[in-house]
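Reminder, nothing fancy here: chain letters follow the sequence lines and each chain counts from 1.
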Amino acid sequence: MDATTLLDWYDIHHRDMPWRVPPAARKAGEVPNPYHVWLSEVMLQQTTVAAVRAYHTKFTALWPTVEDLAAADDADVMAAWAGLGYYARARNLLKCAREVTARGGFPNTEAELLTLPGIGPYTAAAVASIAFDRKATVLDGNVERVMARLHAIEEPLPDSKETLRTLAAERTPDARPGDYAQAVMDLGATICTPKSPACGICPWMKGCAGRIAGIAAELPRKRPKKAKPTRLGHVYIARRPDGATLMETRPPKGLLGGMLALPTSEWTDAPSPAPPLEAGWREIGEVRHTFTHFHLILTVWTAETLAAETRGHWVDQADPGDLPTVFAKALRLAL
DNA sequence: GAGCCGTGGCG
DNA sequence: TCGCCAAGGCT
């Protein structure tokens, strides 16, 4: 009953996305492309639809099939992901593509999907339901918020997570699992939004305990977060007369792991200068950037040089678009 | 369980 | 300007 109400709403208000099969087409028998769905769900982890669109289009143009992606060079995939953030996703994306290719295609059950790199509880449920129309309970930030409000759950996250998961499972219908999964997330993204939810036009307004109690907008409650410290550092942009720029590939794990980068000092309260070669360095400004758990202020230095580097490698055509945003900012400052 | 891990938009 | 937040996963 409730699910039917939501699916009726979704039939009218669904949003077009490059990886989606619209409800009418799905009813007519069109089947989603599992590669496209999986790629979209990984990109959408903690990332908005608006940010994902262009990257999804770029990836499917560069690598039309999961086999193509599996055969790609790591550096090309990391460069294509640059700017989207959470770079471990790109490393796991490649691992997953290679495992899927080795086993001859995507598994079509939630349990098997869950064993693949970069696929956790949410993504396994999302791909199983959206790509293969299997009944599965998707529980993301949207669904948590919707369930917390519908049932006026005042216990804060993450303590309430299993309660919310049970409530979400109870509400999941047997019919149209893929459309339902997308519908409940769309509801959270467009109606049951974090701030000032549009309760007046919500298809589920009748049974919403949070709305009736007048506390919908306050839910879900969350534990207070820690303040972000500020770290400092130096970043060095060395250019040769032929135009090449000195770059580094970051270590494979940790912050910005595996990404192309500019040479920097350590990022601390009081960083020591650490130029990658001897040259007449000039300070040209600073770059501010905020990561997940700290603020960063980098002093930007440039030099024209023919000196030999002590670390890194020269890149002929340095493209800010191939770099994580903090380095793109520094490079653009120098250009 | 809790820390780590990006980015851009929004109020 | 700044904290919050988004279709989380890994360790």
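A donor-acceptor contact closer than 3.5 angstrom is absent between the side chains of A:Thr190 and A:Arg15. Donor-acceptor pairing under 3.5 Å is recorded for the side chains of A:Gln45 and A:Thr123. For A:Asp2 and A:Thr5, the side-chain atoms include no donor-acceptor pair closer than 3.5 Å. No donor-acceptor contact under 3.5 angstrom links the side chains of A:Ser129 and A:Arg134, judged on distance only.
Note: NZ (A:Lys329) to P (B:dT7) measures 8 Å, nearest angstrom. Following rounding to the nearest Å, A:Arg89 (CZ) and C:dC10 (C1') show an atom-to-atom distance of 14 Å. B:dG8 atom C1' lies 18 Å from atom CZ of A:Arg288, rounded to whole Å.
C:dT11 and B:dG6: their P atoms are spaced 14 Å apart (whole Å). One P atom belongs to B:dG3, the other to C:dC4, and the distance between them is 16 Å to the nearest Å.
Looking at heavy-atom distances under 4.0 Å, A:Lys228 makes no contact with the nucleic acid at all. Residue contacts for A:Val49: at a heavy-atom cut-off of 4.0 Å it reaches a base atom on one of the strands shown. A:Leu256 comes within contact range of the sugar-phosphate backbone alone, with a heavy-atom separation under 4.0 Å but no base atom that close. The residue A:Lys253 sits apart from the nucleic acid: no heavy atom pair falls under 4.0 Å. Contacts of A:Gly188 with the nucleic acid, taken as non-hydrogen atoms under 4.0 Å apart, are absent. At a threshold of 4.0 angstrom between heavy atoms, the contacts of A:Met17 include nucleobase atoms, whether or not backbone atoms are also involved. Residue contacts for A:Arg20: at a heavy-atom cut-off of 4.0 Å it reaches a base atom on one of the strands shown.
The two residues A:Ala303 and A:Trp281 come nearest to each other via the heavy atoms CB-CE3, 3.5 Å.
The side chain of A:Tyr87 lies closest to B:dT7, out of B:dC5, B:dT7, C:dC5. The side chain of A:Asn92 approaches C:dC10 more closely than any other nucleotide in the set C:dG3, C:dC10, B:dG6. Taking every side-chain heavy atom of A:His293 into account, B:dC5 is the closest of B:dC5, C:dA6, B:dG6. Out of C:dC10, C:dA6, B:dG6, the shortest distance to the side chain of A:Thr48 is found at C:dA6. The side chain of A:Lys195 has B:dG11 as its nearest neighbour among B:dG11, B:dG6, B:dG8. Of the candidate nucleotides C:dG8, B:dG3, B:dG6, B:dG3 has the atom lying nearest to any side-chain atom of A:Lys226. With B:dC5, C:dG3, B:dT7 as the candidates, the nucleotide lying closest to the side chain of A:His289 is B:dT7. Closest to the side chain of A:Arg145, out of C:dA6, C:dC10, B:dT7, is C:dA6.
Checked against the 6.0 Å centroid criterion, the rings of A:His289 and A:Phe291 qualify as a close aromatic pair.
In this structure, A:Leu262 is not a member of the same hydrophobic cluster as A:Tyr236, with clusters built from ILVMFWY side-chain heavy atoms closer than 4.5 Å. The cluster map of Ile, Leu, Val, Met, Phe, Trp and Tyr, joined by side-chain heavy atoms under 4.5 Å apart, puts A:Trp204 and A:Ile212 in different clusters.
Here A:Gln45 does not reach the OP1 or OP2 of C:dG8: none of its side-chain N or O atoms lies under 4.0 Å away. Contact between the side-chain N/O atoms of A:Lys222 and the OP1/OP2 oxygens of C:dA6 is found at a separation under 4.0 Å. Distances shorter than 4.0 Å separate none of the side-chain N or O atoms of A:Tyr86 from OP1 or OP2 on C:dC10. Side-chain N/O atoms of A:Thr290 include none lying less than 4.0 angstrom from OP1 or OP2 on C:dC2.
For residues 156-177 of chain A, proximity to DNA chain B is found at no residue, defined as any non-hydrogen atom under 4.0 angstrom from a strand atom. Of the residues in residues 110-141 of chain A, none has a non-hydrogen atom less than 4.0 angstrom from any atom of DNA chain B.
Taking 3.5 Å as the limit, the base of B:dG6 and the side chain of A:Thr47 contain a donor-acceptor pair of atoms between them.
Between the side chain of A:Arg250 and the backbone N or O of A:Leu255, at least one donor-acceptor pair lies under 3.5 Å.
Between A:Arg223 and A:Asp159, at least one side-chain N (NZ, or NE/NH1/NH2) sits under 4.0 Å from a carboxylate O, which counts as a salt bridge.
Ring geometry for A:His56 against A:His36 counts as perpendicular: the plane angle is over 60°, on a 0 to 90° scale with 30° as the lower cut.
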